[in-house]
Each structure stands twice: as structure tokens, then as C-alpha cells.
Visitor: 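My structure is below; once you've seen it, I'll send some questions.
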Amino acid sequence: MNKLFRSAVIAGNWKMNKTPAEATELINAIKAECAGKATDGCTVVACVPYVDIANAVEAAKGSFIHIGAENVHWERSGAFTGEISADMLVACGVEYVIVGHSERRQYFGETDETVNKRVHAALEAGLKVILCVGELLTEREQGVTAEVVSRQTKIALLGVTEEQLKNVIIAYEPVWAIGTGRTATADQANEVCKLIREVVSSLYGTAAGNGITVQYGGSMNAKNAAELLAKEHVDGGLIGGASLKAPDFSVIISAAQ
Ligand code: 13P
């Protein structure tokens, strides 16, 4: 399938930034920056901290912006102090959720197994999942990028049905490119996004592999987005720092049209 037939998704990951009042301001600023420009060539998502969800949903109402969360617990309810369930997110108007971000893997003990559990919980509740995979710098240097990314993808998708896969987006985020200003080259991004597509094809068949949206994330910004997004296997972006600046995020949205 040609990339033109896949849905492009530009998603911001706000990480631990913005108070609720600031979230309202930023969503309004993104709407203002994009006013009069085409936005229907891609799906636009803002993944925000839990406490910002209510304000972000309210500010985005009736606009082209969809709201996502940055994590979700795998249980539906119970004694899990500090955690948030998929049903809670849905009830707040959340449509997307990031699962398995490298910062969760690095700092909060996230494993391939817990990623898989979160993927299931999110899909069962009706959320769309942005599943993050990506290698460390040492792994790239050791030449095991393909093995790492394949393993992460396969384990995260264990037990996910072909029907459920339609609600999964995979974000390739090389850990060495996150927040470092060191972007993967467009060719490096394309190569691994292609590999992820092949892994999905091996699990679900060629049509599923060709149809799945694969994003690149890692220092994507207003300057390099167009080149990355032009690549055949790069269907969108998961953007950290640049998603916090409405003018920059708007340029990236335009680059995806
Ligand atoms: P940066 O765009 O700040 O490098 O962050 C990327 C990222 O981690 C998105 O999830």
C-alpha cells in the first residue's frame, strides 16, 4: 500500500509540562496557529498530563485536535495508588494513549510485558494506542537495533487481534534522539519504520503491515519534519519539545498535509 493511503498522525507528547490553565492556552494557541491552514491531511493529537485532560478536552472541543494521555494502568480499578485506568481516561474524553514510552521504560520500570498489558487494557476500553518502541544508543552501536525493535513490537502486540490492531499506531523513537536535538537521519528513521512494518506484516499479514501507521519521534521539529515525513515508511510524528510551541507544532502539522 502506498503511504498516501495510510493515515498520517501528528501527535504531541507534552510529557511533564503545562498546568491546566497553560494547557487551555496551548490548545487555543495551536488552534489559532492552524486557523486557515489545512489540517485534514493528518490526524492531530495532543497527549497531555492527566491533570490537564479536562481543560485540554474542553479547549479542543469541536476542533481538529484529539486528546490523548501519556500512560494508562492495565487494571480496570482497585488498590493501585496513583494510577489511572483506561475507563477513567475514556470517561474524561480521551481518545488516544501513549504506551511504552522510553522514559517510562527508563525511569519507571516499564517492561515489554507491562507494555503488553497496558496495550490490552487500552484497546479493550476503546482507546487508540500509540505504542512506542526504540533502541538505546549502545544498542544501535552494537548493531542490534532490528532485534530490539522487533522484540519490543512483538511482545507489545502479543494477543492483540487483527481487528484491534486497527487502533494501534507504532511510534519509532530511538532513545538517543529523544530530547537530545540529535535527530535520526530521514533514512535511518525510514529504515526502522520499514522494519516495524515488516514485523507487523509477519504477524498479521501484508495488508495489516502496509496499513499500519508508523510514526517517527525524537527531536522532530519545524525544520526537519518535512524531510522525515516525506519518507515512504514515516507516516507521522510523535513530538516532544516542539509540540509545546504552537507555531512549531503548526509547521509540523502543515508538513504532514
Ligand atoms: P523530543 O521531540 O523532545 O525529542 O521528544 C520526543 C518524544 O519523546 C516524543 O514522545
Side-chain angles (χ1 to χ4, degrees), residues 8-18 22-23 26 30 42-50 52-53 56 65-72 94-108 110 115 118-119 122 127-137 139-140 145 148-149 152-153 156 168-186 188-190 192-193 196 213-229 231 234-256:
V9 180
I10 297 295
N13 173 8
W14 290 9
K15 307 192 179 184
M16 196 172 73
N17 292 291
K18 304 296 174 186
E22 289 167 348
L26 180 52
I30 295 166
C42 69
T43 300
V44 178
V45 185
C47 296
V48 308
Y50 292 137
D52 293 343
I53 288 171
I65 303 170
H66 302 262
I67 301 303
E70 299 177 13
N71 192 20
V72 62
V94 167
E95 294 176 76
Y96 290 78
V97 65
I98 295 172
V99 174
H101 191 277
S102 64
E103 286 149 18
R104 303 293 320 170
R105 296 180 193 254
Q106 222 173 339
Y107 307 129
F108 301 100
E110 187 83 84
V115 167
R118 291 183 210 276
V119 166
L127 291 166
K128 294 187 175 71
V129 169
I130 300 176
L131 165 66
C132 300
V133 298
E135 82 287 2
L136 305 169
L137 181 58
E139 292 167 334
R140 176 160 282 265
T145 297
V148 170
V149 170
Q152 291 174 337
T153 305
V168 177
I169 293 162
I170 301 180
Y172 167 54
E173 298 208 310
V175 179
W176 47 271
I178 294 177
T180 57
R182 184 179 164 186
T183 323
T185 65
Q188 284 173 325
N190 192 50
V192 184
C193 289
I196 291 167
T213 296
V214 184
Q215 300 173 312
Y216 168 78
S219 300
M220 188 185 272
N221 58 41
K223 288 202 177 80
N224 61 27
E227 190 192 351
L228 287 158
L229 294 169
K231 286 291 171 182
V234 180
D235 304 317
L238 184 55
I239 299 115
S243 75
L244 298 170
K245 298 175 206 138
D248 294 32
F249 196 52
S250 140
V251 169
I252 299 171
I253 293 167
S254 294

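Below, each value reflects all heavy atoms present in this structure, side chains not excepted, and no hydrogens, waters or symmetry copies. Remember, it's 1-based here, ligands and their atoms both numbered in the order they're listed.
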Visitor: Nearest 0.5 Å please: distance from the CD1 atom of Ile170 over to the OG1 atom of Thr153.
Guide: 5.0 Å
Visitor: Nearest heavy atom to atom 1 (P) of ligand 1: which of Ala177, Ala171, Ser219 does it belong to?
Guide: Ser219
Visitor: Please report whether ligand 1 has a polar contact with His101, defined as an N or O pair separated by less than 3.5 Å (distance criterion only).
Guide: yes
Visitor: Quick one: NZ on Lys18 to CG on Leu244, what's the gap to the nearest 0.5 Å?
Guide: 5.5 Å
Visitor: Looking at CD of Glu173 and OG of Ser102, how far apart are the two atoms once the value is rounded to the nearest 0.5 Å?
Guide: 6.0 Å
Visitor: Taking heavy atoms and a distance under 4.0 Å, where does Asn13 meet ligand 1: side chain, backbone, both or neither?
Guide: side chain
Visitor: Rounded to the nearest 0.5 Å, what's the gap from CD1 on Ile65 to CD1 on Ile10? Could you check?
Guide: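 CD1 of Ile10 is found 13.0 Å from CD1 of Ile65.
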Visitor: How far is atom 5 (O) of ligand 1 from its nearest protein heavy atom, and which residue and atom is that?
Guide: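 Among all protein heavy atoms, the one nearest atom 5 (O) of ligand 1 is Lys15 NZ, 3.2 Å.
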Visitor: Measure the distance from atom 2 (O) of ligand 1 to every protein heavy atom, then report the residue, atom name and distance (to 0.1 Å) of the closest one.
Guide: Gly240 N, 2.9 Å
Visitor: Gly179 versus ligand 1: do any nitrogen or oxygen atoms come within less than 3.5 Å of each other?
Guide: yes
Visitor: Test Gln152 against Arg105 for side chain to side chain contact (heavy atoms under 4.5 Å, CB included), laying out the working first.
Guide: CA-CA 11 Å; Gln152 291 174 337; Arg105 296 180 193 254; 3.8 Å; yes
Visitor: I want to know if ligand 1 touches Ile239 in the polar sense, i.e. an N/O pair below 3.5 angstrom.
Guide: no
Visitor: Considering only non-hydrogen protein atoms, determine which one is nearest to atom 3 (O) of ligand 1 and report residue, atom name and distance to 0.1 Å.
Guide: Gly241 N, 2.8 Å
Visitor: Count the heavy atoms belonging to other residues, nucleotides or ligands that lie under 6.0 Å from CD of Glu139, then report whether that count exceeds 12.
Guide: yes
Visitor: Distance from Asn13 atom CG to Glu70 atom CD, nearest 0.5 Å?
Guide: 5.0 Å
Visitor: Any idea which atoms of ligand 1 are less than 4.0 Å away from a heavy-atom of Gly218?
Guide: 4 (O), 6 (C)
Visitor: Note the single closest protein heavy atom to atom 7 (C) of ligand 1, along with its residue, its atom name and the distance in Å.
Guide: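 Minimum-distance protein heavy atom for atom 7 (C) of ligand 1 reads Glu173 OE2, 3.2 Å.
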